[in-house]
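Shown next, in structure tokens, is the structure this report addresses.
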Amino acid sequence: MSSQKKSNQLPQKATHPLKPQAFADIVLQWQALHGRHDLPWQQPATPYRVLVSEIMLQQTQVSTVIPYFQRWLQAFPDLHSLANAEEDQVMALWQGLGYYSRARNLQKAAQYLTQEYQGEFPNSLTELEQIPGVGRYTAGAIRSFAFDDYGPIVDGNVRRLFCRFFAIAGAPLSSAVNKQLWQLAEQFTPQNNNRAFAQGLLDLGATVCTPKKPNCNDCPLQSNCIAFQQSRVDEFPNPKPKKTIPLRQGHFIWRVENSQIWLQRRPESGIWARLWSLPEVDGVPKGASLVGEFQHTFSHYKLQAKVWQHDHTHLQEPDANYVDHHWLPLEALDSVGLPTPIRQFLQAQLQAER
DNA sequence: GAACCGTGGAT
DNA sequence: TATCCAAGGTT
């Protein structure tokens with residue numbers, strides 16, 4: 001048999017009667033009338049501003065990003081100022097946005113582009129993907145938004161819109177579906193008007209083809225949407241398999257003396273990497289009294305934290321064991337990056353002690 | 001391929 | 001309150 005290759009198990013290739021250029025024309029016409037044209041990073045859409053916004057927007061809503069983007073551009077108006085910035089200032093400006101490796105990668109990206117490309121941006125998708133923190137989506141977004149060149153994108157919006165428009169079944173994040181989505185994105189992305197086309201796809205997904213209760217009656221693609229034609233819009237994308245997240249315990253140390261607080265720079269890897277934090281310890285410290293508790297839910301586990309205060313006999317610290325620990329004046333707290341729940345606890349506690 | 005990596009908005 | 005999920009990338 002020539003079909004030892006189990007071809008019947010391969011994902012069905014999505015097809016559609018609508019020609020790519022016709023699809024693009026519909027998206028472009030809708031974008032001109034109903035799309036978003038006044039987002040901060042659209043005016044002007046310089047490569048640097050597009051890079052910063054795209055990294056911030058990864059897994060983060062537009063409304064959350066806007067104030068961070070404004071503050072960032074104020075502090076780091078260009079690639080060189082970011083490349084030469086202090087790490088603590090970078091992390092302080094990112095605190096609260098989450099996924100902190102994005103911030104460190106963004107500074108690495110600035111240093112990389114400064115050193116390897118003399119502060120210019122490469123134009124090819126392959127070269128763009130070499131930039132730290134830039135993957136396939138972000139490379140396509142930079143090419144579309146910054147250069148108005150051909151740059152296919154598949155993000156959550158495109159994934160949802162395409163799964164409905166082409167009636168693609170299967171786990172939406174599986175490699176099989178992902179492969180189809182990227183193939184379709186490459187096929188249906190036009191050669192011209194790429195900035196408006198990419199913005200149109202995202203805006204359609206964000207404002208019309210929404211996760212719940214999509215506004216199909218406002219959609220310019222309605223009559224061509226396979227899921228709509230079959231009255232199965234609510235079936236796509238297929239529901240993601242849900243996972244239960246584990247519960248973990250955490251223990252932190254509270255020491256405030258002489259208007260200073262004892263902090264630890266967290267390790268290179270793991271949660272809150274390289275942010276400043278209350279020092280974390282493995283278990284309940286000896287002779288400690290409970291100062292307070294907090295809970296925090298991450299994407300992949302839930303943390304139940306207790307904060308402990310030593311009794312006063314442990315004031316001398318052997319320096320070698322605390323290389324990443326420092327006393328920080330309380331008035332300097334705003335100049336370093338702290339994890340959100342740590343900052344919240346700290347503010348509440350200091351308020352209570354006053 | 002799967003796990004890891006944050007936080008907040010929306011319902 | 002619980003759940004989903006947001007302009008994803010890296011390990």
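If you're wondering where the values come from, they're calculated on a predicted model, not measured in any experiment. To find a chain, count down the sequence lines: A is the first, B the second, and so on, and within it residues start at 1.
With a 4.5 Å cut-off on side-chain heavy atoms, A:His34 and A:Val208 do not count as touching. Residues A:Phe197 and A:Gln31 are not in side-chain contact: their nearest non-hydrogen atoms beyond the backbone lie 4.5 Å or more apart.
With distances taken from any side-chain atom of A:Ser63 to the nucleotides B:dG9, C:dT3, C:dA6, the minimum falls on B:dG9. Here the nucleotide nearest the side chain of A:His300, chosen from B:dC4, C:dG8, B:dT7, is B:dC4. Relative to the side chain of A:Gln59, the nucleotides B:dG6, B:dG9, B:dT7 differ in distance, and B:dG6 lies closest. Closest to the A:Thr340 side chain, of the nucleotides C:dA6, C:dG8, B:dG8, is B:dG8.
Using a 4.0 Å heavy-atom distance criterion, A:Val134 is classed as a sugar-phosphate-only contact. Looking at heavy-atom distances under 4.0 Å, A:Thr297 makes contact with a base. The residue A:Leu202 sits close to a base: some heavy atom pair falls under 4.0 Å. A:Trp41 comes within 4.0 angstrom of a nucleotide base, judged by non-hydrogen atoms across all strands. In this structure, A:Ile245 reaches neither bases nor backbone, as no heavy-atom distance under 4.0 Å exists between it and the strands shown. Nucleic acid contact for A:Ile55: none, since no nucleic acid atom lies under 4.0 Å from a heavy atom of the residue. Using a 4.0 Å heavy-atom distance criterion, A:Gln344 is classed as making no nucleic acid contact. Nucleic acid contact class of A:Lys240 (heavy atoms, under 4.0 Å, all strands): sugar-phosphate only. Note on A:Gly270: only backbone sugar-phosphate atoms sit closer than 4.0 angstrom, heavy atoms only; bases stay farther off.
Scanning atom types as modelled, no donor and acceptor separated by under 3.5 angstrom connect the side chain of A:Arg160 and the base of C:dA6. In the interface, the side chain of A:Thr60 is paired with the base of B:dG6 through a donor and an acceptor atom under 3.5 Å apart.
Summarising the geometry, the separation between CD on A:Glu268 and C1' on C:dT11 is reported as 15 Å, rounded to the nearest angstrom.
When ring centroids are compared, A:Phe23 and A:Phe165 come within the 6.0 Å threshold.
Separation of atoms CD1 (A:Ile271) and OG (A:Ser277) is listed at 11.0 Å; rounding is to 0.5 Å.
Look at the P atom in both B:dT11 and C:dA7: the space between them is 14 Å, to the nearest Å.
Crowding of A:Asp282 atom CG: a count of heavy atoms from other residues, nucleotides or ligands under 6.0 Å not exceeding 12.
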